[in-house]
Engineer: 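One structure is given below, represented as structure tokens, and several questions about it will come after.
Sequence lines set the chain letters: A, B, ... in the order given, protein chains first and strands last, and positions in each chain run from 1. The structure displayed is predicted, hence computed values, not measured ones.
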2 protein chains.
Amino acid sequence: MPGERSQAGRPTISEVAAEAGVGRATAARTLGGYGYVSPELRERVLAAAEKLGYRANALARSMSTGVSHTLGVIVADIGNPFFAGVMRGISDASRARGFDTLVLSTYENLDDEVAAANVLIDKRVDGVILASAAVGRGDVAHIRAALDRGIPVVLVDRAVASVDLDAVVIDNRDAARRAVETLIAAGHRRIGFVWGPPMAEPPATRRALLAAASRNLWTDGERLRGYLDALDDARIPFDPDLVMMGRKVEEQATREVARMLALPDRVTALFCTETDAVTGALRALRTSGLSCPRDVSLIGFDDSTWAAVMEPPLTMIEQPVHQLGAKAAEVLLDIVEGAEPRREMHTLRSRLVTRSSVAPPPSPPPSPGA
Amino acid sequence: MPGERSQAGRPTISEVAAEAGVGRATAARTLGGYGYVSPELRERVLAAAEKLGYRANALARSMSTGVSHTLGVIVADIGNPFFAGVMRGISDASRARGFDTLVLSTYENLDDEVAAANVLIDKRVDGVILASAAVGRGDVAHIRAALDRGIPVVLVDRAVASVDLDAVVIDNRDAARRAVETLIAAGHRRIGFVWGPPMAEPPATRRALLAAASRNLWTDGERLRGYLDALDDARIPFDPDLVMMGRKVEEQATREVARMLALPDRVTALFCTETDAVTGALRALRTSGLSCPRDVSLIGFDDSTWAAVMEPPLTMIEQPVHQLGAKAAEVLLDIVEGAEPRREMHTLRSRLVTRSSVAPPPSPPPSPGA
DNA sequence: CTGTTAGCGCCTTCAC
DNA sequence: GTGAAGGCGCTAACAG
């Protein structure tokens, strides 16, 4: 009997060929959709494939062709709504072009990021989208490794100094600046910066702060710079007491905001760089018995439907999450399909959604100048 | 010159063998971690591999062994925080056992679900975790297809009638019942059900409603049953006017809740089965000028950090999202690794997080009986 | 213990 | 146009 079944009802191309009474190559050509084959034989092959329930083995195909039609994605945390949104953009855009995605979370751990890169290299993905926790010179060996093996890499959400790659990011610095400018325009001069680069103790100087920032997450540093930009433009001196310190967890944000609220010359506005910073700040406000926006104004990053139904509705920065992912996938796929990498920063614009959490400070600013 | 480089600096096992001066099989054995090989040669091979920067080609390995160490996941929407959380559980649990995950979104579209199943079959994943939109008898061909090809399938979040598989779900019916009981215990009898099975017009009878439910998403039906259970126990007659109709989008929830609020005998409590139903309801409350919990009480599904900082803090049902995913992955991996499928429903318990959005109804219930 | 040999399922020259 | 034969990189029997 010809056509010995391989296993578990998975017919191979040879079996289809046998069933159709043609050579393997002919079957392969019609089923693979390449090369010429007469309409007649093509029909026979198709019928046989149909009958046997043939499905091409993508693994075998990848082995021969060298392309897997799979993209690798490395993010901090797939469970984080921000990355989930980005992931959706990536997924939609790549699916539209016939690619699937393998996702790995690193939880901001560089070792895990390296391991993830290796997994993707081993599984022969055609390209990698990376939201990296790496920043410095020494931290890019894994990126180099992928590149050296001919796997293109595109950065998303976070640029990485010291490696010259396409990166798709949002205008963090500008967004932060605009938000803080909005606060300043409302009359605020004591503006807290919640959730920056983690530090053990208050930075002695601006310089020290910036240095800490560049040793940590790229986005945090950018947002901090935007905050500083706005302060500088308004000639408001930088006060180290107004930046959050310690670990980036909601409880810590609550504690730090409480501290800023208890300052003799307390904060009258808060700029929060992440969702959990916002909720942490809100908690602190509540326990302090202070109300927003009457006593303190607030603007935060990462708009959500919740922010719109809060009391008061919150003024927030909306990031184009889906687009961020989609654009990254497109840039990457262009390269995968042969385009020359442009090696540039693709910056997407965020949007300040104005609602009702910003108002003038309660009393006229401390000392109105000279 | 021996050891002709394959391409882009990707040494093969043969090149490593040549470099080490041993046979291919010996190199394969040490690098693949199977079979015996003398410490001496092993060292030589390892050194050569190190030197060449060898990394095994997982694709080739999969072709030989038939296992890909990859799990497929099919969900409605990877961008949805609920599924993102589930995904994180899946990812963590499978990573811990050496498996990676390929995720596909269906957006509740059955055709996409079928296509996704085919992709996963073609890519030879070792198992599939599926949150299916399928319900009826005819909708399970794609599940059968995977099973027939020897790929185990585990259902997550949503059970599917007419197919006998392991399923990991939460206690939807019980959770809903407890929530509604809580409302009833506070004195409510006019309780709105927000976000049920989509219907074009009000169901004439309970029976019609239940029928609609069983034609739609499993979770929705279960939550509806829980609602009805609680009503029945309290001998509160079912009122079709108190269930939401139309498409499941936030705006529609807002409209429907507004309608229930405008009823002559208006609703005094709301039970919302999803996050967007909660925010939609909150919007309606605001525009109606009604306040929670003074005028209407509210309990919703899917707790989030936002719910805790709302005014008032919301009483919500917390689903064990991470555990849901992790458990599904574990059940699946057990099967992948040879265990016999138990083909049972694994039900995880949710938790009612009591905060401050439930209070007695504003005025004594309409007509206190006889 | 080690090396030789034969596949896994597909694609891809290359003669026919 | 079509079929035979070789190869992708690895595992797995099998002799030695």
Engineer: Would you jot down, in residue-number order, the residues of residues 38-46 of chain A having a non-hydrogen atom under 4.0 Å from DNA chain D?
Structural biologist: Ser38(A), Leu41(A)

Engineer: How sharply is the helix from dC1(C)-dG16(D) to dC16(C)-dG1(D) bent, taking the axes over five pairs at either end and rounding to 10 degrees?
Structural biologist: 40°

Engineer: Rounded to whole angstroms, how far apart are CD on Glu15(A) and P on dG9(C)?
Structural biologist: 8 Å

Engineer: Return the set of residues passing side-chain hydrogen bond (donor to acceptor under 3.5 Å, both in side chains) with Thr70(B) (not counting sequence neighbours), or none when no residue passes.
Structural biologist: Lys123(A)

Engineer: In chain order, what residues pass the ring-ring contact (aromatic ring centres under 6.0 Å, His included) check against His346(B), with sequence neighbours excluded?
Structural biologist: none

Engineer: Side chains of residues 88-96 of chain B: which donor-acceptor partners sit under 3.5 Å, not counting sequence neighbours?
Structural biologist:
unit_1	atom_1	unit_2	atom_2	d
Arg88(B)	NE	Tyr107(A)	OH	3.3
Arg88(B)	NH1	Asp77(A)	OD2	3.2
Asp92(B)	OD1	Tyr107(A)	OH	2.5
Asp92(B)	OD2	Tyr107(A)	OH	3.1
Asp92(B)	OD2	His322(B)	NE2	2.9
Ser94(B)	OG	Ile90(B)	O	2.6
Ser94(B)	OG	Ser91(B)	O	3.4
Arg95(B)	NE	Asp100(B)	OD1	3.0
Arg95(B)	NH2	Asp100(B)	OD1	3.1

Engineer: What donor-acceptor contacts under 3.5 angstrom involve side-chain atoms of residues 60-67 of chain B, with partners at least two apart or in another chain?
Structural biologist:
unit_1	atom_1	unit_2	atom_2	d
Ser62(B)	OG	Ala58(B)	O	2.9
Ser62(B)	OG	Val67(B)	O	3.2
Thr65(B)	OG1	Arg61(B)	O	2.9
Thr65(B)	OG1	Val67(B)	N	3.2
Thr65(B)	OG1	Val67(B)	O	3.4

Engineer: Looking at residues at least two apart in the chain, or sitting in another chain, which of them share a side-chain hydrogen bond (donor to acceptor under 3.5 Å, both in side chains) with Asn118(B)?
Structural biologist: none

Engineer: Ser68(B): which residues meet the side-chain hydrogen bond (donor to acceptor under 3.5 Å, both in side chains) condition with it, sequence neighbours left out?
Structural biologist: Asp126(B)

Engineer: Which pairs, with at least one residue in residues 39-48 of chain A and sequence neighbours excluded, count as a salt bridge (charged side-chain N to carboxylate O under 4.0 Å, His left out)?
Structural biologist: none

Engineer: List the residues meeting side-chain hydrogen bond (donor to acceptor under 3.5 Å, both in side chains) with Glu108(B), not counting sequence neighbours, and say none if there are none.
Structural biologist: Arg158(B)

Engineer: Between Arg55(A) and Asp122(B), does any NZ, NE, NH1 or NH2 come within less than 4.0 Å of an OD or OE carboxylate oxygen?
Structural biologist: yes

Engineer: Please report, rounded to the nearest Å, how far the P atom of dT11(D) is from the CG atom of Leu59(B).
Structural biologist: 13 Å

Engineer: Can you give each donor-acceptor pair under 3.5 Å made by side-chain atoms of residues 323-336 of chain B, sequence neighbours left out, with the distance rounded to 0.1 Å?
Structural biologist:
unit_1	atom_1	unit_2	atom_2	d
Asp334(B)	OD1	Arg97(B)	NH1	3.3
Asp334(B)	OD1	Arg97(B)	NH2	3.0

Engineer: If a protein heavy atom is under 4.0 Å from the base, mark B; if only from the sugar-phosphate, S; if neither, -; do that for nucleotides 10-16 of chain C going 5' to 3'.
Structural biologist: BSB----

